[in-house]
Structures are given as structure tokens and as C-alpha cells.
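Worksheet: one structure, shown below.
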Protein chains: 2
Amino acid sequence: MPYTAPLNDLRFLLDHVVGFDAVQATDRFAETTPDVTEAILTEAAKLCEGELAPLQRAGDLHPARLENGVVRTSPGFAEGYRAIAAGGWVGMSADPAYGGMGLPMALATCMNEMMSSACLSLQIAPMMTQGQIEALEAHASDALKALYLPRLTSGDWVGTMNLTEPQAGSDVGALTTKAVPKGDGTYAITGQKIYISWGDNDFTGNVCHLVLARLPDGAPGTKGISLFLVPRHLPDAAGNPGVANALKVVSLEHKLGLHGSPTAVMQYEGATGWLVGPEHGGMRAMFTMMNNARLGVGVQGIGVAEAAYQHALAHARDRKQGQTPVADADSILAHADVRRMVMTMRAEVFAARAIALSTAVATDMHHATGAESWAARAALLTPICKAYGTDTGIRVADLGLQVHGGMGVIEETGAAQYLRDVRVTAIYEGTNGIQAMDLVGRKLADGGEAMSRLLDEIEALAESARGSLPELAEPVWQACETLRETTEALVAETRLNARFGGAQPYLMAAARVLGGHAHLAAAIAEGGRGPRSALARFFVGRLLPEHGALAAQALAGDKDLYALDPEDLVA
Amino acid sequence: MPYTAPLNDLRFLLDHVVGFDAVQATDRFAETTPDVTEAILTEAAKLCEGELAPLQRAGDLHPARLENGVVRTSPGFAEGYRAIAAGGWVGMSADPAYGGMGLPMALATCMNEMMSSACLSLQIAPMMTQGQIEALEAHASDALKALYLPRLTSGDWVGTMNLTEPQAGSDVGALTTKAVPKGDGTYAITGQKIYISWGDNDFTGNVCHLVLARLPDGAPGTKGISLFLVPRHLPDAAGNPGVANALKVVSLEHKLGLHGSPTAVMQYEGATGWLVGPEHGGMRAMFTMMNNARLGVGVQGIGVAEAAYQHALAHARDRKQGQTPVADADSILAHADVRRMVMTMRAEVFAARAIALSTAVATDMHHATGAESWAARAALLTPICKAYGTDTGIRVADLGLQVHGGMGVIEETGAAQYLRDVRVTAIYEGTNGIQAMDLVGRKLADGGEAMSRLLDEIEALAESARGSLPELAEPVWQACETLRETTEALVAETRLNARFGGAQPYLMAAARVLGGHAHLAAAIAEGGRGPRSALARFFVGRLLPEHGALAAQALAGDKDLYALDPEDLVA
């Protein structure tokens, strides 16, 4: 499964669609010149294409396994991880004070996408570490920072997130893991955590777990939760991994996909941990990590979508079946319905990638300028990026399988692996339903102001193109108006559960409008002539119209959802 | 994974929605009284719930395998198959002259759905045999009928379909398997066939392959193809399996799902075969089998959807997470977005099942009355049933996985198996893209007359309910009008490829309208008060509106699909 990094589209989006020039113009990111950007993208592509992509299949065929309590990783994964670490990629957006490159999140997002395309199972390890670095930078004590950040940034150690327990999934507040102060400034952590991605490995000197637990005086629910850093090995005086901590991997899950990524059940038995952030302030600290991770998971979906797209396109260009309606073309790509699937894949990936990079740019602008409006923009876009990015991953992988015909379900082809691998991304880091609730709940709690500002910008762009590209500008403008009215109606709805009843279609309607914006902006940049303009016409003509029925559903409330008694749900 | 046959919905649809009373009123099916119908459904349910459902997981965990050229089937499959055969279920719609029960296809469809829910991997064996029986009844010589039909009908022998070759998938006409007359009325068959479901087994006395091959004087393409019956063992004078034929299973595929169903690469090396139908008339004979099989595959999708729905509903009613907005309810089923997913699953299954049973009833009415209008109705509905039924299977299995949250991707839960198993149904027996092309091509070749008659009937029903159930009748009537206009525009489009460019969305728009009709009819039967009326309001309010954007896409033509050069499709 050869993979070619989509550098042309990444460059095009950075240069013409998502406003990366504003990031480059800030003091904080002044060193990220066009030359540096180009060098970063080129080097990242080289690593992903040459060293990581060959690991994808090996991870699927030879899953990580637990042997006598030790996790044995898939063939080549140790070398692949070391190559990522050696290139400085784990810490590419981390604080230079601790060895990071201090690059914008927009560039880290490009790299995260490419790594996800190349080998999603492995990519999870550096991605979780990036999130942990961000959480520690924001919330840890100076002593913890000094000890852990250099080692995480270099990739010598990796980080994990420990939230879920058997009875506490989406409902994190139901967790029962306990933390008891030991009197020496450390805490004894006891409990079981499940679904811990890369809970252990056989190629880094240490594994640092961020664990949510409850102190003895912690209130029930999320308000009584604190965050702890719990290393597999306690650092010695020199900062090297010392005594083994009282924690272990109990088992690894047998999963639909991501076989190369060890998903662990972790047992903590009085393990030593250090508090990160204030007592009972764990959720806030964890959310720092989760916002980053939600952008990152959306990008995982996009990465798999891109890889599945390339794989299906190559098959469609190669496979010959039947007389085609196009002169001089004899592959199935010349058939209208295959072309429809391929164009859909390409147009969705372009839209989702633009939304993800816009989210990253907003984060960068907030970090660089401190302006709250950028923070609000990033917060607004994050659930859309996560849910639409991962839904796009699933949809595109599914279409890619379909393009393969019967070969699509034969595992040797590789098409099915993309679908199996990407499926969980719609679930972890908050299910896509949770993302939608976050969007219509918290993210519209400002009365819809952040969304309104975004729609103002899109409409202004559409108005500027009304003369030159009316066939694109007019439908995008109209869709904005529909989304604006829908947003206002949702904001006016005082019963939160009625909002929740339309949350998922509202999120998808917003994604359609944002996708329309991205495609319009691309066409404008091309002067309406060029491949991205043709793609824009496809998206605006075929996919954008879906926003209408979605917006109507968004306002359907919740009464119809509860009209059937649970007993009557049985056929 | 306990399974409960959805007898209430099946009975309700037969009695109130799909016009099964008309079938019962015919001379041919006069013995299918309400009492007989009830007995059949009850017995079928008992077998599927009690004996077949327990095999589902075993098939996944212990795939069929090839040992020294012999196919070894999954644990319990032999006993499961024998129970199906012993009950007479293989031949339930077959000609009583050869031992069949002569029951309507509508009842066979109910049974096929239940078997698919219980264990899709195993169900494929009797389903393929049913199709073979129908093809032989219609096209074989009396001698072949007398020899083979009793043994297939009893289930002592099973049947397979051999169409695909490596270079001939959707393009059947590209096949190269040869048939050479041996001078004794038999033919020597030589070639390789792939994707042969249940290509062999270790529990029936014989396996009868229907093989498409080309005679020496056969023209290129589909016009030169003939159909041959090629048994694994040549029947001796007494009709018992005798000498082994010159054919073998070369290998079994390693598939995404359906691990219990051996998918074989078959090699024919001068194997002895008997002609079925006229020389060079193989495609017509095969289409008899394929129309049956396409209805059957649509029903497979519905069966898996029902099972996945039950599985997810049970989880949603059991799993507790977070504070719910509903008093006295503490499972996740009380959350609006989970309820939205569950209602969507239930509403889609109801609609797809109604379309499948309507297709079966049309087939029965054609068989019973000989009226060509019923044949046209069945032909029109078949591609919609196949594509929408299987898409529903995939969508519902996917939603079921999502309802499970993190547990959904843990294989032990079983949710992922439904998705893996059902995925291929959108591909085999003609991909869903092929179904859509069939619909806008062949099935609208009558100038849209069959579709127009169907829409007349739906509009008449809607008009009758305009006073009593306006909130349902009006949207259904409007959707009919939209589909009518869309159909007329497609018929007026003389460039077939322009129709093909909108084929898939047209099929889905038609499925939305037919689904709206089924839900409306159910609500009318309930007098607008009852669980199916509540479900109808959900479908009409949330899902039917999608027909608008789909109809618009159906008329988008093909120009936008070819606006990008293949080179520019690369990102």
C-alpha cells in the first residue's frame, strides 16, 4: 500500500484557504517562514512515506501482544517510533524551553495527518504524548515539568491518558479510582482503567500515565476528580527510570482494528503518582489534553480517509471492467458511479482537512495573540473537526472498500483494514454524539456568537464572489443563512434536551456549510479555473444541498424520540 | 447474542401493509391460510432462535478452512444445516412436484430474513440453493429436473452460483471459462471461478455448481455465454453421488466477515457439465437466479440489521451512564442522541422489510396470476430492495456498533461482527452501483410506467389519509410528486451515462419514498395511534426529507463527475 503525502493540497490549504499567513505573521511563530514550512512538510512526508507506511499491514497481521505481563509490539514499530522521535516530531509543537520545536499546531496537524495515513496504530503513541506534553505545560508544577517534559518531548518516554473505567465511559464522573496522599507530596493510586491506548510498549524507557482519580475528600461526580502523573518506572535521582511502579497491564483488547496499537486494561495497586494541577481540578486539566486530542482524532480520520482514497483511486485506475462511456479510457474510473464515489471521497477529504487546519490555525492564533475570539473559534470548531473528520474517515474508507468490489472484503487487498482501523475514531475521545452535544450545549452557550462571527466571515467571502463565481457563492451564502437561522432557533430553545435531539444533524449541517466555504475559497484562489474549482462545483452541487434536511432535523427537538416506550421498540 | 424473531412486525406487514391477503386469495396459494401462515412463521422463528443463532459467533471464531483439498466447516454448522433441511425450509417455495412446499415467496422471505439474523454465514448455503432450484425449474430439461430438484429441495444437496472470474466481475461478459461438447450430451468445463460462496462443505452428499462458460462457437461478451450444471460428484445410475468430477477448491478467501461461509476459488479441469437452457442463453437463465438472489441479498441486509438492532437495543437498555433527562430512566437509552440512533435503526429496518416483502408479494402475484404488471412491479422493486436492504444492513450495524461506545470495537461484544459480516452484501449479486444502473436503465426503459403506477398507488393512499393523518399523508404525497418529476426527467434524458451519474441518489430517493409509504400505511392501519404510528412520525419527520437533496443529485447528470482529469484526482 504505497502512500504519497498530499503535499499539494496541504500547501494549497495553508496558503489560500485557512489563513496560515496570519499565523506566520505573529511574533510567536515568526520563525515559521515559507521556507521552514516547506522543509518541515517535505521531511515529514519523507518519513511517513518511506518508513511508517510499510508498517501499516505488519501491525494488522501481527498484533501487539501481552507476554508474561510484557507488551510485545508489532514488527518494525520500535524502529518506526524511534524514527519519529529522532526527527523531533513528537515535540514539534512543544515548548522550546524543554526541547520542543515550538512550531504551530497547523504544521503539527499536517504531520499528524500524514502519520495517520501511513500507520494509524503507531501514530497514536506520539499523538497521546503530544497531548500529555500540552497538559503538563499548562498545569504541572515546575519540578514535574523539568523532569518529564524534556523526556516526553524527545520521545524517549511516551504518555497515555487514563480516563475510562468499566462503569465510567462517557460518564467520567462515575469513576472510582482512588488517590490517597502519602504524606511526602505523592499519592497512592488504586483502581482499574480500561481502553488505555499504548498502555505499555517495549521500546521506550518509560511510560507516563495521566490518571484521573478521586481524593478521599473528593466530591462525587466530575467536581471531585483530580489528575495524577503515574510513571511506569519511578525516576531516580538522575531522572532515569528506576524502581517499577505498582501498576501493570492486565490484558490487551481484541479489537476490530488498530491491531498494532496495544489497548490495555491497566491495574493500579497503590501506584505512586504526582498531582497535576490543583486538587479536584482534574477535569479542567484533562480538558486541555482532550481538546488537543479531539483535534488530533479528527485528523486521524482524515489521514485514514486520504490513505483509503489513494488506495481506491489506484485500484479504480488500474482495474478494467466493461465497456466505458469515455473514449480512450478503459478502467472502471471511467464509469459514472465509480467516478461519483471517487469524487465524493476527494471532496469530503478536502473539506474535512480544511476544517481541521482551520481549527489548528485558530489554536495557533490564540496562543500567539491571546485573543479570546480565537479561543472561541477553536473551541467551536473542535467538535465539528472531531466528528466530521472521523465520520469522513469511516465514510471514505467504506466507499474505498466499495470501489474495490469483491476484492474490498478480501483482507489481503488492504481496503477493509482502513475501515476496521478508523471505525473507533468516531467513539474514542468522546463519541461523536458527545461532540454534537458539546457543540449545541457548551459551544452555543455564548448565544451563538462564535458561530455567528464565523458565518459572517463566510458570507462576506461568498458576497465577494457573487459576481465571479455565482454558481458556488450563491448556494454557500444561502446555506450560511439556513445555518444561521437554525443556530438562532437552537439558541432560543431553552430545553437543553430538545437541542440534544437535533445535535448530530446540526453538527453535520455545520460541517456541510464549512465544507462549502473551504471549497468556495479554493475556487476563488484558483480564479474558478482548475482542478479544485471542479471539485468545488461537485461539492456545492451534490453534497452541500444535504444541509437542508439536516438543518430541519436539527430543529426536530426530542419529543418524537421519546414517543415510543422502550417496550414498543422491540419489533 | 440472543435473537428474537420479529414476528409481530412480520405479521403486521403481511396483514396490513404489503397486500399479502391478495396472495392468499389466489388459487395457487389458497392453502396459505392465516393458520398455515402463523404455523410457518412460528416454526421458522423457533429454528432460527433456538438452533441457528448460537452458531453465529462460532462461525466467526472458527472459520471454515481448507485441509488437503477438503473444506472443513465451522463447529455446529453441519447440524444447523441439517436442521434447516430437515424442516423442509430449503424447498419452502419450491415446486411441490419435486418435494417443495410451494409456499409464497413472501413467507420464504420472512424465513430468509430470520435465518440471516440468526447466522448469515450459514444462511447463504440454503439461499443459494433456493436460487438454483428456481433456475432449474425455469430452464432445465425434464431429466435434469427429475434428477436434481428433489435432492436440492430436500437439502440433501446444495447449489452454488459460479459467475465471477478474476478478470470478469461486474463485467460477466469478459469470462473465459470454456465449455466443449463431449458428444454424449455433456460438456467439458475448464476454467477458474472466484468468490464462490459455499463452494464446498463437509455435510451434504453433493454440491451442484451452476457455471457460466463459453461454448467454442460462443460470441464474445454476454451473448455467447451458456449455463451448465456441474456437480461435485457425478450422479450414478441410482442418482447417488458417484465418481468425483474434475473440479476442486483451490483456496478459501480470508475475508472481513462471514468467516463461517467458505468463499472458494474453484478450478474446473474438464469437469463434466450439463447444459441448462439453450446454448448461448446462459445470461437469461442466470438472471432468473439473480433476481431471486438479489431479493434474497437485500433480505440478508435486513436480517443482519434486525439482529444488530436487537443487540444494540439490549445494550442501550442495560448500560447506565450519566444523568438522564428522563425521570425513572437510568440507562443510556434515555439519552436523546442514543434514542435518535435507536429510532433510526428501527425505522430503517421497518421500511426496508416492507420493501422486501412488497417485492416478494409482487413475485408471488406474478406467479399466481401471470399478470405482466406484477412482473414489472417485482422487477422495479428488486434493485431497490437489494441496494437499500443491504445499505440498511450496513448503516444499522454501524449505528449498533456506535451505540455500544468503546465496547463496540471489542470483538467479544459481537457488535463489530454484524458490520463485518454484512458489508459484502452491498457488493455481491451485483454491486449497489450496478443495482442503481439497473434501476435507471432497464427498469425505467418502459418510459417510467411501472414506477408511475406505483406512485399512483402511494398517492391514492396518501390522499385517503389527508384528513385523518395530514402530518404523514401530506409529506408522503409531496415526496411522491418529487420522485415522479425526477423520474420523468430521467426518462427524458437520452444519454444513458447522464442517468447513471444520478443513479445511486435516485435509488435512495425512491427508497425514501417507498419507506414513507410503508410507514404511512402502518400508521393508517393503527388509526394513527400506536407504536408504529410514532415510528412513522419519526421516519416521515426525520428521514423522508432526505429525498429532496437525493432527487436533486439524481438529476445532476455526469458532467461534474468527469470535470477532473484522473491526474488531478491526486491530492
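Letters go in sequence order (proteins before strands), and every chain restarts at 1. None of the values given here were measured: they were computed from a predicted structure.
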Less than 4.5 Å to any heavy atom of chain A: does that hold for the side chain of [X], its backbone, both, or neither?
| X | result |
| --- | --- |
| B/Val342 | side chain |
| B/Met407 | both |
| B/Tyr428 | neither |
| B/Pro566 | both |
| B/Glu306 | side chain |
| B/Arg319 | side chain |
| B/Arg346 | side chain |
| B/Ala556 | both |
| B/Leu569 | both |
| B/Arg537 | neither |
| B/Ala426 | both |
| B/Tyr309 | side chain |

*Partner set under salt bridge (Lys or Arg N to Asp or Glu O under 4.0 Å) for B/Asp398, not counting sequence neighbours*: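 With sequence neighbours excluded, B/Asp398 shows a salt bridge (Lys or Arg N to Asp or Glu O under 4.0 Å) to A/Arg423, given in chain and number order.
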
*Who passes salt bridge (Lys or Arg N to Asp or Glu O under 4.0 Å) against A/Glu546, sequence neighbours left out?*
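Salt bridge (Lys or Arg N to Asp or Glu O under 4.0 Å) check on A/Glu546 returns A/Arg512.
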
Under a 4.5 Å cutoff for heavy-atom pairs, which residue among [options] has the most contacts with chain B?
| options | value |
| --- | --- |
| A/Arg542, A/His254, A/Lys255 | A/Arg542 |
| A/Thr263, A/Thr344, A/Val409, A/Leu419 | A/Val409 |
| A/Met437, A/Glu253, A/Lys320, A/Gln504 | A/Gln504 |
| A/Gly501, A/Gly530, A/Pro505, A/Ala316 | A/Gly501 |

Contact winner vs chain A - [options], heavy-atom pairs under 4.5 Å:
| options | answer |
| --- | --- |
| B/Ala563, B/Gly406, B/Gly541 | B/Gly406 |
| B/Ser533, B/Ala334, B/Ala498, B/Gly502 | B/Ala334 |
| B/Leu544, B/Thr4, B/Leu401, B/Leu333 | B/Leu401 |
| B/Ala416, B/Gly169, B/Pro545 | B/Gly169 |
| B/Asn497, B/Leu550, B/Ile194 | B/Asn497 |
| B/Val349, B/Ile427, B/Asp565 | B/Ile427 |

Chain B contact via [X] - which portion, at a heavy-atom distance below 4.5 Å:
| X | answer |
| --- | --- |
| A/Leu561 | both |
| A/Ala168 | backbone |
| A/Val172 | neither |

*Passes side-chain contact (heavy atoms from CB on, under 4.5 Å), B/Phe500 versus A/Asp337? Steps please.*
CA-CA 7 Å; B/Phe500 288 165; A/Asp337 194 62; over 6 Å; no

_Contact summary for A/Ala336 and B/Tyr562, nearest pair of heavy atoms_ =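 Reported closest heavy-atom pair: N-OH, 3.1 Å.
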
*asked:* Please give me the minimum heavy-atom distance between A/Asp171 and B/Gln321, naming the atom from each residue.
replied: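 Heavy atoms only, the tightest pair is N-OE1, 2.9 Å.
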
_Criterion side-chain contact (heavy atoms from CB on, under 4.5 Å) on A/Arg340 and B/Asp558, from CA distance to verdict_ = CA-CA 9 Å; A/Arg340 177 190 62 80; B/Asp558 61 346; over 6 Å; no

*Dump the intermediate steps for side-chain contact (heavy atoms from CB on, under 4.5 Å) on B/Arg339 and A/Asp560, then the final yes or no.*
CA-CA 10 Å; B/Arg339 194 64 81 105; A/Asp560 63 334; over 6 Å; no

_Report, in residue-number order, which members of residues 429-436 of chain B are under 4.5 Å from chain A by heavy-atom distance._
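B/Thr431, B/Asn432, B/Gly433, listed by number.
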
*asked:* How about CD on B/Glu471, more than 12 heavy atoms from neighbouring residues, nucleotides or ligands closer than 6.0 Å, or not?
replied: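 Buried by this count: over 12 neighbours within 6.0 Å.
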
*Within a reach of under 6.0 Å around CD of A/Glu412, are more than 12 heavy atoms found that belong to other residues, nucleotides or ligands?*
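Buried by this count: over 12 neighbours within 6.0 Å.
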
*Do B/Met343 and A/Leu564 have side-chain heavy atoms sitting under 4.5 Å apart?*
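Counting from C-beta outward, B/Met343 and A/Leu564 do come under 4.5 Å.
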
*Looking at side-chain heavy atoms only, is the closest gap between B/Leu256 and A/Glu411 below 4.5 Å?*
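Yes, side chains in contact.
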
*Hey, mind stepping through B/Arg317 and A/Val570 against side-chain contact (heavy atoms from CB on, under 4.5 Å) and telling me if it holds?*
CA-CA 11 Å; B/Arg317 293 181 74 172; A/Val570 177; 4.1 Å; yes

*side chain to side chain donor-acceptor pair (under 3.5 Å) with B/Arg532: which residues, sequence neighbours excluded?*
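B/Arg532 satisfies side chain to side chain donor-acceptor pair (under 3.5 Å) with B/Asp9 once adjacent residues are dropped.
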
